[in-house]
Protein chains: 2
Amino acid sequence: MDIGIVGLGRMGANMARRLARGGARVLAWDREHAASAALKDEPRIECVEGLAALATRLDGERVILLMLPAGEPTQGAIDALLPLLSAGDTLVDGGNAYYKDSMHRALGLSQQGLRFVDAGVSGGVHGLAHGYCLMLGGNPHAIEIFEPFARILAPGPETGWLHCGPSGAGHFAKMIHNGIEYGMMQALAEGFALLDARKEFNLDLARLAQTWRHGSVVRSWLLDLTAEILAQGESPERIAPVVADSGEGRWTALESIEQGVPAPVITMALMARFSSQGRSDYARRLLAQLRARFGGHPVQHKR
Amino acid sequence: MDIGIVGLGRMGANMARRLARGGARVLAWDREHAASAALKDEPRIECVEGLAALATRLDGERVILLMLPAGEPTQGAIDALLPLLSAGDTLVDGGNAYYKDSMHRALGLSQQGLRFVDAGVSGGVHGLAHGYCLMLGGNPHAIEIFEPFARILAPGPETGWLHCGPSGAGHFAKMIHNGIEYGMMQALAEGFALLDARKEFNLDLARLAQTWRHGSVVRSWLLDLTAEILAQGESPERIAPVVADSGEGRWTALESIEQGVPAPVITMALMARFSSQGRSDYARRLLAQLRARFGGHPVQHKR
C-alpha cells in the first residue's frame with residue numbers, strides 16, 4: 001500500500017492525508033517547499049526531495065498519483081518521471097486534463113510498458129473529511145492496481161468511485177460533471193440575485209437557503225455551501241464580481257459543439273463567467289456606441 | 001389541531017396524510033369523488049361533501065389549506081368559501097400562485113377580517129415521507145396560527161419551514177426556488193445528454209449518476225432522482241421529449257426582466273422547455289426556408 005503523490009496543492013495535500021489516514025504509506029513531493037512542509041507532521045506521509053527520490057523509494061510496481069494543473073505542469077512531471085520509471089509502473093493523473101489529451105497520454109505511456117489511469121476527482125476542499133468522488137478511466141488491470149487507493153479516497157470503499165471505461169472516460173466524465181456544476185451553480189446564483197433584488201420583502205436569504213436544505217427540490221451540496229456563505233454574512237462589496245473559469249467548462253461547451261448536442265444552459269453559464277471577467281466589455285462598448293449613433297442615446301465616458 | 005384541506009391532488013392528499021399522521025384532525029374535500037375516496041381509510045382524515053360541510057364542521061377560528069392549481073381553481077374556491085367564513089378564520093394557499101396575486105388576495109381578505117398565508121410548498125410526491133419545505137408569507141399572527149401545522153408538514157418541527165416575510169413573500173420565494181430548479185435540472189439533463197452522445201466510452205450512466213451521489217460537487221436531490229430514473233432503465237424511446245412548464249418558470253423570467261437583474265440560465269432553461277413543446281417550430285421552419293433561399297440548401301418536407 002505505497003503510493004507516490006506529486007503535487008501538494010489544495011487537492012493533492014488533502015488526498016495525501018486521506019490516503020495516509022486510511023492506511024497507505026505516502027511518499028509526497030511538491031516543487032514548493034512550503035507545500036511539503038505543511039505535511040511534515042502527518043503520520044505515514046514522507047515528503048521527499050524530488051522525483052528521483054520518489055521513484056527510488058517506492059518498491060515494486062510503483063503507483064504515482066499526479067495532482068497537478070492540467071497541461072504543461074502535468075506533462076512536465078510525466079516527462080521528468082519517464083526515465084525514472086519501469087514497465088509495470090502506474091501513473092494516475094488526478095488533475096483536470098482534457099480527456100482527449102488523456103487518451104493520447106495513455107497510448108504513449110502504454111507503448112513504454114507503463115499503465116495509466118485518468119482520474120476525475122471531485123469534492124474540493126471538503127474531500128478530506130467527506131471523501132472524493134472518483135471517475136476512473138483506463139484498462140481493467142490499471143484500475144485494479146489503483147483500486148485499493150480509490151477505496152480509501154472515496155467516501156466509502158464501495159461508493160463514490162467508478163471505473164467509467166477505457167482511457168479518457170474518467171476525465172470525460174469529470175469534464176461533464178464540471179459542466180453540470182457550472183449550470184447548477186449559475187442557476188442558484190441567479191435565483192439568489194433575484195431574491196435579493198426584491199427589496200420590499202426584506203428576505204433573510206441565509207435563513208431561506210437554510211430552509212431550502214430541508215425537503216425542497218433544490219437541496220444540494222451547492223445549496224449547502226450557499227447557505228454557509230450567506231450565514232457568514234460577509235459584505236458583498238468586499239467580493240469582486242469576477243468568476244474564473246478553468247478548462248472544464250470550455251471543454252464541455254466544445255463537446256456540445258463537436259457532438260451537435262445542445263447544452264444551452266451549461267454554455268450560457270460559461271459565457272456568464274466570461275462576461276464577469278470583463279470579456280463582454282468590447283461588445284458592450286460597441287453596443288453603447290451604436291445606440292448613440294442611431295438614437296442619440298448618450299454614451300457614458302470613464303473619467 | 002383541526003384543519004380543512006381543499007384539493008386532494010398529488011400534493012394535497014399527501015399533505016393531508018402527513019398532517020393526520022402528525023396528530024392533526026383533517027377535514028378534506030375535493031370536487032373529484034375519487035380523490036376523496038383514496039383517503040377514506042386514513043385515520044384522522046374525514047372527507048366531507050362540500051365546502052359548506054367543511055366550514056360547518058371546523059370549530060372556532062378555522063384554518064383551511066387550499067391545495068389547488070393557481071388561478072381560477074384557487075380563486076373559485078376562495079369565492080365559494082367567503083360566505084361560509086367568519087372574521088378570524090385563516091386561509092392558507094399552498095398552490096403555486098403568482099406572488100403579486102397573493103399580495104392582492106391577502107389585502108382583499110384582510111378587508112373582510114380574514115387572515116391569509118401564502119405558502120410555497122416544495123417536496124413533490126416525496127414530501128409525505130421526507131416532509132415539505134414551506135415558505136410562508138403573511139402577517140405574524142396568521143403565521144402563528146398556521147405554525148403548528150407547518151411544524152408537522154416540514155421535515156422537522158424546526159427545519160424546512162420559514163416565515164419569509166409579509167404577504168407574497170412565501171410565494172415569491174417559492175417562485176424563485178422553482179426558477180432555480182428549472183436551471184439545475186436543465187444543467188443535469190444537458191450533461192447526461194453529452195455523456196450519452198459520446199458512444200465510444202460506452203458509459204454506464206446509471207452507475208455514474210449513482211457514483212456522483214457520493215462526494216461529488218453536483219450531489220443533489222435532483223441527481224438522486226436522475227440516478228433512480230437511469231437505474232430503472234426505461235427505454236428512452238418510450239418517453240416523449242416534451243417538457244411542460246407551469247407558471248413559476250415564466251414568472252421568474254418576468255421577475256428578471258422587471259428587476260433588470262440577469263437570469264440567463266434560468267431563462268434559457270424556460271426557453272428550452274418551450275422549444276420542447278414545439279414552440280420553436282415556426283422559427284425553425286423559417287430558418288430552413290431562409291437557408292434554402294439564400295444558399296440553395298434543401299428544405300426537408302413532411303410527407
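Each chain gets a letter, A, B and so on, in the order the sequences are listed, and its residues count up from 1.
Counting only heavy atoms from C-beta outward, the side chains of A:Q259 and B:K199 never approach each other to under 4.5 Å. The side-chain heavy atoms of A:P262 and B:E190, taken from C-beta on, include no pair separated by under 4.5 Å. With contacts defined as side-chain heavy-atom distances shorter than 4.5 Å, the pair B:E258/A:R198 qualifies. Side-chain contact between A:W212 and B:I180: present, with at least one pair of heavy atoms (C-beta onward) separated by less than 4.5 Å. Annotation: side chain of B:M184 is not in contact with side chain of A:Q186 (no heavy-atom distance under 4.5 Å).
Most heavy-atom pairs under 4.5 Å with chain B: of the set A:L134, A:I176, A:N202, this distinction falls to A:I176. Heavy-atom pairs under 4.5 Å with chain B peak, among A:P155, A:G131, A:P264, A:G137, at A:P264. Counting heavy-atom pairs closer than 4.5 Å to chain B, the top residue among A:C133, A:A154, A:G183 is A:C133. Put simply, of A:C164, A:G124, A:S216, A:G191, the one with the most heavy-atom pairs under 4.5 Å next to chain B is A:S216. Chain B forms more heavy-atom pairs under 4.5 Å with one residue of A:G165, A:G168, A:G127 than with any other, namely A:G168. Between chain A and the options B:A197, B:P166, B:G179, heavy-atom pairs under 4.5 Å are most frequent for B:A197.
Heavy-atom minimum distance, B:L203 versus A:A169: CD2-CB, 4.1 Å. Closest approach of A:A269 to B:V265, counting heavy atoms only: N-CG2, 3.8 Å.
Proximity to chain B (any heavy atom under 4.5 Å) is shown, for A:H177, by both the backbone and the side chain. For B:L223, no part lies near chain A; criterion is any non-hydrogen pair under 4.5 Å. Neither the backbone nor the side chain of B:Y182 has a heavy atom closer than 4.5 Å to any heavy atom of chain A. Neither the backbone nor the side chain of A:L225 has a heavy atom closer than 4.5 Å to any heavy atom of chain B. Looking at B:S167, the atoms closer than 4.5 Å to chain A (heavy atoms on both sides) all sit in the backbone: N, CA, C or O. Heavy atoms closer than 4.5 Å to chain B are found in both the backbone and the side chain of A:E181.
In this structure, B:L162 CG and A:R207 CZ are separated by 5.0 Å, a value rounded to the nearest 0.5 Å. B:L195 contributes atom CG, which lies 8.0 Å from atom CE of A:M175 (distance to the nearest 0.5 angstrom). Atoms CE and CD1, from B:M268 and A:I266 in turn, are 12.0 Å apart once rounded to the nearest 0.5 Å. Between the CZ atom in A:R219 and the OG atom in B:S220 there is a gap of 10.0 Å [rounded to 0.5 Å]. We find the CE-OG1 distance between A:M135 and B:T211 to be 8.5 Å, quoted to the nearest 0.5 Å. With rounding to the nearest 0.5 Å, the separation of NZ in A:K174 from CG in B:L208 is 12.5 Å.
Heavy-atom contacts from other residues, nucleotides or ligands closer than 6.0 Å to NE2 of B:H104 number 12 or fewer.
Ring orientation note: the planes of B:F172 and A:F201 are tilted relative to one another, at an angle of 30° to 60°.
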